Amino acid sequence: MADPEIDELLALPHDSLRRDVENMLLYTIGRTCDCKDDDDSNDDDECEVMNLLVMLGEVGNEGSSLDVVLETLRQSEYFYEHYLVDFGMEVFVPTLYLVGRNRLDKLMDFMKEEGLYTFAKDNVLAALTLIVSRQPERRGEVVEWFREALRFAAEKLPERQFVDGTLAGFMAAYCSEIKASELLPEIKALYATGLVDKSVNGDYDEVEKEMHDAPYSLNENYDLDVHERFANLRRFFIIR
């Protein structure tokens, strides 16, 4: 989507534009089959979902818009890989931050849902670290969110229905990223299950060392400006 098209859309009343974007996303979800059919692949369809998610980050709200974003994340692995290709985090993380940064309760509820795609939940974790990056005064709030998530993960990891070893490894990695050393007891309990995927972020000793020794290195590469977000995707020849 080029800048003139973006500006033309943003000139519309935002309430009606938001509702249209939400409905278009829900329509796409409703007509998508869980079974992959390569003959039915359509690049325009793939681009459409990314366009809509980026636009919703600009005109969306923390109520119905966040609900639609989370519903998109609830879809199958096929949906995610077909419509988001390799750019799921670039699309979802800023949008989750923009419409969900004040609804950590909803984001926690999503993390506790059963049977969801691991890499969909990973987007939520990344959005929480973006809060620390953009709103450092909220670090304590985010740390307590991760504390609850870690305790839930340690309890549910053996079931592998709510959290798997990969997601557990991501949790430890993001805690290291925000230097949340106060969460080391919870991280240690998570590793004590013996089910954390150590290929993600190493074993507990490595996590502890990184927490104390590595420099503070939050990833701030997520653009929040709608024009920059579309421009970045255009550079990768994804949105046309």
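Treat the numbers as computed from the prediction; the structure is a model and nothing was measured.
When only modelled atom types and interatomic distance are considered, S64 and R19 share no side-chain donor-acceptor pair under 3.5 Å. Neither side chain, D122 nor Y117, offers a donor N or O lying under 3.5 Å from an acceptor on the other.
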Show, in sequence, the C-alpha distance, side-chain angles and deciding distance for R229 and E58, and conclude whether the side chain to side chain contact (heavy atoms under 4.5 Å, CB included) test is met. CA-CA 10 Å; R229 295 184 68 190; E58 182 68 13; over 6 Å; no
Between V207 and H212, does the side chain to side chain contact (heavy atoms under 4.5 Å, CB included) criterion hold? Intermediate values first, please. CA-CA 9 Å; V207 173; H212 292 302; over 6 Å; no
Might you work through the side chain to side chain contact (heavy atoms under 4.5 Å, CB included) test for D67 and K106, ending with a clear yes or no? CA-CA 9 Å; D67 289 339; K106 277 192 177 183; 2.7 Å; yes
Given the rule in the side chain to side chain contact (heavy atoms under 4.5 Å, CB included) test, do N61 and L66 qualify, once you have shown the distances and angles that lead to the verdict? CA-CA 7 Å; N61 61 29; L66 178 57; 5.9 Å; no
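Looking at K121, its side chain does come within 3.5 Å of a backbone N or O of M111 through a donor-acceptor pair.
Using the six-membered ring where Trp is involved, F92 and Y80 have ring planes that are parallel, under 30° apart on the 30 and 60° scheme.
Nearest heavy-atom pair, A168 versus L190, reported as atom, atom and distance to 0.1 Å: O-CD2, 3.7 Å. In plain terms, the two heavy atoms of V91 and V54 that are nearest each other are CG1-CG2, 4.4 Å.
Side-chain atoms of N201 and E210, non-hydrogen and from C-beta on, do get closer than 4.5 Å to each other. Looking only at side-chain heavy atoms (C-beta outward), L84 and L53 come within less than 4.5 Å of each other.
Applying the side chain to side chain donor-acceptor pair (under 3.5 Å) test to pairs two or more places apart or on separate chains, those with a residue in residues 147-162 are K112-E148, E144-R147, R147-E186, R151-E186.
Remark: aromatic rings of Y222 and Y97 are distant, center separation not under 6.0 Å.
Within a 6.0 Å sphere centred on CG of D86, other residues, nucleotides and ligands contribute 12 heavy atoms or fewer. By the 6.0 Å contact criterion, CE on M89 is enclosed, its count of non-hydrogen atoms from other residues, nucleotides or ligands being greater than 12. Under a cut-off of 6.0 angstrom, the local environment of CD in E228 is crowded, with over 12 non-hydrogen atoms contributed by other residues, nucleotides or ligands.
With respect to R139 and E182, a salt bridge is recorded, a charged nitrogen being found less than 4.0 Å from a carboxylate O.
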